[in-house]
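These notes are about the structure you will find just below.
Computed from heavy atoms alone, side chains included, the values below leave out hydrogens, waters and symmetry copies.
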Amino acid sequence: MLIFGASGHAKVIIDCLDSQGIQVDGIFDDDIQKSMLLNYPVLGLYNQSFMSGELLVIAIGDNSIREKITKVVKHKFGIVIHKSAQVSQYATIAEGSVLMHNSIIQSGTNIGRHCIINTAASVDHDCEIGDFVHIAPNAVLCGGVKIGEKTLIGAGATVIPNISIGSNVIIGAGSIVTKNIPDNSIVLSARSIVHERK
């Protein structure tokens, strides 16, 4: 498999591929100064003719940038699932998505294209996750939750059952979401606000 992006996120994707015995054939990155990442070659700028029949995954954490890259990539997209992830046979995972270490996807859930379900994130039954969503480490989505495209659910956040969260939303780390959230919103937990001392 090929990887687009030679960052820290790519290192975790490499771990996921290694866990499944999937060979990393090369990594594309716009930073032409990079030559290796975890003993794998960084090939420079994206080249659509390089191993054109090979699958590719985008290793970029930013949801909007990941979406933009999909418009220039000509390779077909793969799916990356760490061997420790637990995925129901009755769930669906769309192209380009990545499921990290110890993530859980329960029955009846649909994960959209190019999503990141990060380390130890839990997505319960019958959730609908839109394209280019990032569910950060240790976030918990209870059953029946709907998430719009390009939304970020922050680390350790919890969304109670049957909540709808719109597109382009940021849910802050540690937040507890108990009501529907409209598009283009930012939700911050009181625990995550830092006040400057006087």
### Message
Run the side-chain hydrogen bond (donor to acceptor under 3.5 Å, both in side chains) test against Glu67 and tell me which residues pass, sequence neighbours left out.
### Response
Lys150

### Task
Taking all non-hydrogen atoms of both residues into account, name the closest pair between Gln106 and Ala91 and its distance.
O-CB, 3.7 Å

### Message
Show every ring pair (Phe, Tyr, Trp, His ring centres under 6.0 Å) that has at least one partner inside residues 139-159, sequence neighbours left out.
### Response
none

#### Entry: Within 6.0 Å of CD1 in Ile32, more than 12 heavy atoms from elsewhere
no

### Task
Sort out for me which residue in Asn63, Asn118, Thr151, Asp62 forms a side-chain hydrogen bond (donor to acceptor under 3.5 Å, both in side chains) with His134.
Asn118

## Note on the structure
The side-chain hydrogen bond (donor to acceptor under 3.5 Å, both in side chains) partners of Asn110 (sequence neighbours excluded) come to Thr92, Glu128

### Query
ring pair (Phe, Tyr, Trp, His ring centres under 6.0 Å) with His114: which residues, sequence neighbours excluded?
Phe77, Phe132

### Message
If you apply the rule side chain to side chain contact (heavy atoms under 4.5 Å, CB included), what do you find for Phe28 with Leu45, and how did you get there?
### Response
CA-CA 6 Å; Phe28 298 113; Leu45 298 174; over 6 Å; no

### Summary
salt bridge (Lys or Arg N to Asp or Glu O under 4.0 Å) pairs touching residues 167-183, sequence neighbours excluded, are none

### Query
Between NZ of Lys76 and CG of Leu2, what distance do you get to the nearest 0.5 Å?
14.0 Å

### Query
Which pairs pass ring pair (Phe, Tyr, Trp, His ring centres under 6.0 Å) with one or both residues in residues 146-177, sequence neighbours excluded?
none

### Task
Taking ring pair (Phe, Tyr, Trp, His ring centres under 6.0 Å) as the test, write out the residues that go with His75, two or more places apart.
Tyr46

### Message
Ignoring hydrogens, what is the shortest heavy-atom contact between Gly154 and Ala136? Give both atom names and the distance.
### Response
C-CB, 3.6 Å

### Task
Just do the side chain to side chain contact (heavy atoms under 4.5 Å, CB included) check on Ile165 and Val177 with the steps written out, would you?
CA-CA 9 Å; Ile165 296 175; Val177 181; 4.2 Å; yes

### Message
Between Leu188 and Ile171, is there shared hydrophobic-cluster membership here, with clusters defined by ILVMFWY side-chain heavy atoms closer than 4.5 Å?
### Response
no

### Query
Can Leu99 and Val80 be said to form a side chain to side chain contact (heavy atoms under 4.5 Å, CB included), step by step?
CA-CA 6 Å; Leu99 280 57; Val80 178; over 6 Å; no

### Flag if over 12 foreign heavy atoms under 6.0 Å of CD1, Ile186
no

### Task
Can you see which heavy atom on Ser19 is nearest to which on Lys83, and at what distance?
OG-N, 3.1 Å

### Task
Return the minimal non-hydrogen interatomic distance between Gly5 and Ala59, and the atom names on each side.
O-CB, 3.8 Å

### Query
Would you say Met1 and Val57 make side-chain contact, with heavy atoms under 4.5 Å?
yes

### Task
Verify the cluster assignment for Phe4 and Leu55: are they in a single hydrophobic cluster under the rule of side-chain heavy atoms below 4.5 Å apart?
no

### Query
Can you list the residues that meet the ring pair (Phe, Tyr, Trp, His ring centres under 6.0 Å) rule with His82, with sequence neighbours excluded?
His101

### Query
Does the side chain of Asp18 reach to within under 4.5 Å of the side chain of Cys16, using non-hydrogen atoms?
no

### Query
Any salt bridge (Lys or Arg N to Asp or Glu O under 4.0 Å) pairs touching residues 21-31, not counting sequence neighbours?
none

### With Asp124 via side-chain hydrogen bond (donor to acceptor under 3.5 Å, both in side chains) - residues at least two apart
none

## Note on the structure
In this structure, CD1 of Ile93 is separated from CD1 of Ile79 (nearest 0.5 Å) by 7.0 Å

### Query
What residues, two or more places apart in sequence or in another chain, satisfy side-chain contact (heavy atoms from CB on, under 4.5 Å) together with Leu37?
Ala6, Ala10, Lys11, Ile14, Ile27, Val42

### Task
May I ask whether Ile3 and Met51 are part of the same hydrophobic cluster, defined by side-chain heavy atoms of I, L, V, M, F, W, Y residues being less than 4.5 angstrom apart, directly or through others?
no

### Task
Check the hydrophobic clustering (I, L, V, M, F, W, Y; side-chain heavy atoms under 4.5 Å; chains of links allowed) and say if Val159 and Ile170 are grouped together.
no

### Task
Establish whether Val98 and Val73 are linked, either directly or via other cluster members, by ILVMFWY side-chain heavy-atom contacts under 4.5 Å.
no

### Task
Check for a donor-acceptor pair, side chain of Ser167 on one end and backbone N or O of Glu149 on the other, with a separation under 3.5 Å.
yes

## Note on the structure
Rounded to the nearest 0.5 angstrom, the NZ-CG distance for Lys74 and Leu56 is 13.0 Å

### Message
If I compare all heavy atoms of Gly172 with all of Ala157, which pair ends up nearest, and what's the gap?
### Response
O-CB, 3.9 Å

### Point-to-point distance, once rounded to the nearest 0.5 Å, from CD1 of Ile117 to CG of Asn102
14.0 Å

### Query
Stepwise, does the side chain to side chain contact (heavy atoms under 4.5 Å, CB included) test hold for Ile181 with Val187?
CA-CA 8 Å; Ile181 306 296; Val187 176; 3.8 Å; yes

### Message
Counting C-beta onward and ignoring hydrogens, is there a side-chain heavy-atom pair between Ile105 and Ile111 closer than 4.5 Å?
### Response
yes

### Task
Mind listing the closest non-hydrogen atom pair of Cys115 and Gly112 along with its distance?
SG-O, 3.6 Å

### Task
Drop me the distance from Ile116's CD1 to Met100's CE, to the nearest 0.5 angstrom.
6.0 Å

### Message
Within the structure provided, determine whether Leu141 and Ile129 are in side-chain contact (heavy-atom separation under 4.5 Å).
### Response
yes

#### Entry: From Cys127 atom SG to Ile163 atom CD1, the distance as rounded to the nearest 0.5 Å
11.0 Å

### Query
So, do Ile153 and Ile147 sit near enough that their side-chain heavy atoms are less than 4.5 Å apart?
yes

### Asp131: salt bridge (Lys or Arg N to Asp or Glu O under 4.0 Å) partners, not counting sequence neighbours
Arg113

